[in-house]
Amino acid sequence: MITLSALGSFALIVGLLTLTPGLDTALILRTAALGHRSRAWGVVLGIQTGTLVWGVLSSLGVTALLTASHLAYTILRWVGAAYLVWMGGRMLIPALRRRIAGADSGADSGAAEPSDDADAADAGGFRAGWRRGLVTNLLNPKMGAFYVAVLPQFIPAGAPHVATGTLLAGVHIVLASLWSAVLIAFARALRTTLRKPSARRVLDRITGTVIAAFGVRLALGD
């Protein structure tokens, strides 16, 4: 059985990973900042469902096969990269169009703006958010590589791999969910400011750039 010391060490590693700003942080903050609380929690639980899947697959040795197979890893990496660039572009391009339109009109009224592709992509509630979080997580092969590299070090010899791996993934999920609750509370505290047209453009440009950049980085990675 896994020791409390090993469990604490794993919690420290994944805790530091969770606190590091990244793709998940950007996605959760933007969704919550736009006032979609249910959708934001859908994104969170979708991401954590993906984490659980990666944890179980790693315990079964499936992700080891993925990282060992250069072709399979490359295919997943390119599919994930394309998805992230597409998702980032859905936020970034309309935001740039709104900026140009605002410059042409010479005004920023602060009133609600007409709906666009980015707003349409944000339609839906918990289930839509869950799908986005799940797909984003599962199409990130680096999550699989992380679990392949880290998880076996904390599974004692003779311990049931699936049960122990699921327990460790559960620790990661709990810590990530707690941090996500902090992010959502922070974003909702600022939602009045962040939903103004000028702030929305900045938020979409930043988030879209971050997500697309992760996609490019994933595509160019080894």
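Values reported hereafter were calculated over all heavy atoms of this structure, with side chains retained and with hydrogens, waters and symmetry mates removed. Owing to the predicted nature of the structure, the values given are computational and were not obtained by experimental measurement.
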Calculate, to the nearest 0.5 Å, the distance between atoms [atom1] and [atom2] belonging to [X] and [Y] respectively.
X: L27; Y: S180; atom1: CG; atom2: OG; answer: 10.0 Å
X: L139; Y: L84; atom1: CG; atom2: CG; answer: 7.5 Å
X: R30; Y: I211; atom1: CZ; atom2: CD1; answer: 7.5 Å
X: H161; Y: S58; atom1: NE2; atom2: OG; answer: 12.0 Å
X: L52; Y: L45; atom1: CG; atom2: CG; answer: 11.5 Å
X: R131; Y: F126; atom1: CZ; atom2: CZ; answer: 11.5 Å

Hey, any chance [X] and [Y] share a hydrophobic cluster, counting ILVMFWY side chains that come within less than 4.5 Å of each other, even indirectly?
X: V135; Y: W78; answer: no
X: L175; Y: L19; answer: yes
X: L190; Y: I184; answer: yes
X: L178; Y: F186; answer: no
X: L183; Y: V174; answer: no

| CZ of R188: more than 12 outside heavy atoms within 6.0 angstrom? | yes
| said: With a sphere of 6.0 Å drawn around CG of L16, does it hold more than 12 non-hydrogen atoms of other residues, nucleotides or ligands? | reply: yes
Mind checking whether [X] and [Y] have side chains closer than 4.5 Å, heavy atoms only?
X: L29; Y: T207; answer: no
X: P141; Y: T74; answer: no
X: H172; Y: Y147; answer: yes
X: L168; Y: I155; answer: yes
X: L7; Y: F154; answer: no
X: I47; Y: I28; answer: yes

| request: Check the pair T31 / V44 against side-chain contact (heavy atoms from CB on, under 4.5 Å), numbers first and verdict last. | output: CA-CA 10 Å; T31 307; V44 171; over 6 Å; no
| field | Residues forming a side chain to side chain donor-acceptor pair (under 3.5 Å) with W41, sequence neighbours excluded | value | none
| query | Considering the options L151, N140, V14, which one meets the side chain to side chain contact (heavy atoms under 4.5 Å, CB included) requirement together with F146? | reply | V14
| query | With sequence neighbours excluded, what pairs up with A149 under the side-chain contact (heavy atoms from CB on, under 4.5 Å) test? | reply | none
| request: Say whether, by atom type as modelled, one donor and one acceptor occur between the side chain of R77 and the main chain of A219 under 3.5 angstrom. | output: yes
Please report the shortest heavy-atom distance between [X] and [Y], naming the atom on each side.
X: P152; Y: V148; result: CD-O, 3.1 Å
X: A11; Y: V171; result: CB-CG1, 3.8 Å
X: G125; Y: S38; result: C-OG, 4.3 Å
X: W54; Y: N137; result: CD1-OD1, 2.9 Å
X: R39; Y: A128; result: NH1-CB, 3.0 Å
X: A32; Y: A187; result: CB-CB, 3.7 Å

